[in-house]
Amino acid sequence: MAVEVVMPKLGMAMKEGTVSMWSKAVGDPVQKGEAIASINSEKIEMDIESPAEGTILNIAVQEGQGVPPGTVICHIGNPNEKIKTDEPVAEGTQLKIDEQEKLKTKESHTLPMGDRLMITPVARKMAQAANLDIEKIQGTGPGGRITKEDVQKVIVKRDSMQVNSGESIVPPQPALESRQQIPVTGMRNIIANRMKESLQSSAQLTLTMKVDVTDLVILQKQATETLQKHESTKLTITDFVAKAVVLSLKEHPKMNSAYIEDKIILYEHIHLGLAVALENGLVVPVIRNAENCTLTQLSNKGKELARCARDGQLPIEDMQGSTFTISNLGAYGVEHFTPILNTPETGILGIGSAYDTPIYIDEELERRTILPLSLTFDHRVLDGAPAAAFLQTLKRYLEEPITMIL
């Protein structure tokens, strides 16, 4: 009997999941535990594994299509097995068995025996625009799937051969120039809507400040060397900033708040969000009750949450409920920037790239390390002066780092 593969529910808040890519096609054999598709929902992207060994009998949900959790997306069973279902299927989303057989017959005439043509929608459009025969393109994606990069390589190779042979390459006319259209779905769609909503629903203002972290860099290196003698923890500057943020929020509780329905909600606990960049977007894992964490606990929890996020194993529950967020673009050489609030939070801190510069200390010119910080806050909750006071407190902890561990 055919096995139903359904859209999983990735957390209590999930309302819809989208199939971003099928790794298998109708008629392909699969092993139990083998990845058959990639899905995304909210800010999670993950692979779906086959629950049984067999053959893909049908694909009920196409790439880019969003469906509620529990919806059947495909069936796996024995070759030519009939699918029994009483559920009505949306027009165009499920191939009937006889249509599948016709498709297989057609493929057998156009492809070598055992081959099956798989190509991403973007790659197909690019190939058509460049007048390429997709059956002659070698796919390097999962299961031999033809990807955008495969098509680009063929185009470059063809143009290079034309140049070497002396043929003239006529550039496309502007009116006929091909354009790539990428549907905004899944994670990108969620981020787009939330960022737009954030800017439209709050009064955001960004303050910047430079912090002398010369002593902090020295302490960070010494602490890491000491800790690694007993455990594998490696403290980073971001870990110290996170600790300083928690301590500063305790002194400035209004920054650890939210503006909800014309009320300012002051939170009792500090749930620290740490923005993590992914290949297709970003997520904000949350360290709960951060005020109770030591410096090493903040470091370990932050690194573990970031690892789970990059591996696509972070539950939605661990991405909800933050009261203040930290975003770090220092690795990209950015100094000051304007982070957008993770509403309904009141504040978000942007960490820039540290740099060395000569500074006069008393009468002596010294080489010092400067860390740029950018604080975006909701002006409906607090004004510029108290927001600047929060930054000053943060600066004090970072410039006198020993006070964070006493």
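Any value given below was found using the heavy atoms of this structure, including those in side chains, with hydrogens, waters and symmetry copies removed. Nothing here was measured: the structure is a model prediction, and the numbers come from that model. If you read the sequence from its start, that first residue is 1, and numbering goes on from there.
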Undergrad: Are S38 and I48 side-chain neighbours, meaning at least one heavy-atom pair lies under 4.5 Å?
TA: no

Undergrad: Quick one: list whatever passes side chain to side chain donor-acceptor pair (under 3.5 Å) with H271, sequence neighbours left out.
TA: none

Undergrad: Begin with the C-alpha distance, continue with both residues' side-chain angles, and end with the deciding distance and a verdict on side chain to side chain contact (heavy atoms under 4.5 Å, CB included) for S322 and L272.
TA: CA-CA 6 Å; S322 57; L272 190 62; over 6 Å; no

Undergrad: Begin from the C-alpha positions of V276 and V284 and carry the test side chain to side chain contact (heavy atoms under 4.5 Å, CB included) through to its verdict.
TA: CA-CA 6 Å; V276 176; V284 183; over 6 Å; no

Undergrad: Identify, with sequence neighbours excluded, every residue that meets salt bridge (charged side-chain N to carboxylate O under 4.0 Å, His left out) alongside E34.
TA: K24

Undergrad: Do any pairs count as a salt bridge (Lys or Arg N to Asp or Glu O under 4.0 Å) and have a residue in residues 251-272, sequence neighbours left out, and if so which ones?
TA: E251-R396

Undergrad: Which atom pair, heavy atoms only, marks the closest approach of P339 to G350?
TA: CG-N, 4.0 Å

Undergrad: Can you list every pair that meets salt bridge (Lys or Arg N to Asp or Glu O under 4.0 Å) and has a residue in residues 281-308, with sequence neighbours left out?
TA: D239-K303, E304-R307, R307-D311

Undergrad: Any chance you could measure Q31, atom CD, to E49, atom CD, to the nearest 0.5 Å?
TA: 12.5 Å

Undergrad: Just wondering, do I270 and N289 contact through their side chains at under 4.5 Å, heavy atoms?
TA: no

Undergrad: With D383, which residues qualify under salt bridge (charged side-chain N to carboxylate O under 4.0 Å, His left out), at least two apart?
TA: none

Undergrad: Determine all donor-acceptor pairs shorter than 3.5 Å in which one atom belongs to a side chain in residues 398-406; sequence neighbours excluded.
TA:
from : atom 1 : to   : atom 2 : distance (Å)
E399 : OE2    : D212 : N      : 2.9
E399 : OE2    : K395 : NZ     : 2.9
T403 : OG1    : E400 : O      : 2.6

Undergrad: Verify side chain to side chain contact (heavy atoms under 4.5 Å, CB included) between Q297 and S299, making sure each step is shown before the conclusion.
TA: CA-CA 5 Å; Q297 287 173 336; S299 176; over 6 Å; no

Undergrad: Would you compute the distance between atom CD1 of I348 and atom OG of S327 and round it to the nearest 0.5 angstrom?
TA: 5.5 Å

Undergrad: Rounded to the nearest 0.5 Å, what separation is found between the CG atom of L341 and the OG1 atom of T376?
TA: 6.0 Å

Undergrad: Measuring from S257:OG to I264:CD1, what's the distance to the nearest 0.5 Å?
TA: 6.5 Å

Undergrad: Can you pull the ring pair (Phe, Tyr, Trp, His ring centres under 6.0 Å) pairs that have at least one residue in residues 285-314, sequence neighbours excluded?
TA: none

Undergrad: Tell me which pairs pass salt bridge (Lys or Arg N to Asp or Glu O under 4.0 Å) where either residue lies in residues 338-357, with sequence neighbours left out.
TA: D356-R367

Undergrad: With rounding to the nearest 0.5 Å, note down the distance linking CG in L235 to CD in Q220.
TA: 7.0 Å

Undergrad: Scan residues 293-332 for pairs that pass ring pair (Phe, Tyr, Trp, His ring centres under 6.0 Å), counting only residues two or more places apart or in two chains.
TA: F324-F390

Undergrad: Show your working on side chain to side chain contact (heavy atoms under 4.5 Å, CB included) between T71 and V6 and close with a plain yes or no.
TA: CA-CA 5 Å; T71 302; V6 302; over 6 Å; no

Undergrad: For the pair S374 and T208, evaluate side-chain hydrogen bond (donor to acceptor under 3.5 Å, both in side chains) and give the outcome as yes or no after the intermediate values.
TA: CA-CA 4 Å; S374 306; T208 62; 6.0 Å; no

Undergrad: How far does CG of N256 sit from OG1 of T323, to the nearest 0.5 angstrom?
TA: 3.5 Å

Undergrad: Pair D378, T346 - check side-chain hydrogen bond (donor to acceptor under 3.5 Å, both in side chains), show working.
TA: CA-CA 5 Å; D378 192 341; T346 293; 5.7 Å; no

Undergrad: For H336, check ring pair (Phe, Tyr, Trp, His ring centres under 6.0 Å) against everything at least two apart and list the hits.
TA: none

Undergrad: So, N58 side chain and C74 main chain: donor-acceptor pair closer than 3.5 Å or not?
TA: no

Undergrad: Can you list the residues that meet the side-chain contact (heavy atoms from CB on, under 4.5 Å) rule with L314, with sequence neighbours excluded?
TA: P285, L305, C308, A309, D318, M319

Undergrad: Verify, without hydrogens or angle tests, whether Q222 (side chain) and L219 (backbone) share a donor-acceptor contact under 3.5 angstrom.
TA: no

Undergrad: Which residues pass the side chain to side chain donor-acceptor pair (under 3.5 Å) test with Q204, sequence neighbours left out?
TA: S198, S202

Undergrad: How close do Q62 and V19 get, counting heavy atoms only, and between which atoms?
TA: O-CB, 3.9 Å

Undergrad: Centroid-to-centroid, H269 to Y267, below 6.0 Å?
TA: no

Undergrad: Do the side chain of W22 and the main chain of I59 share a donor and acceptor less than 3.5 angstrom apart?
TA: no

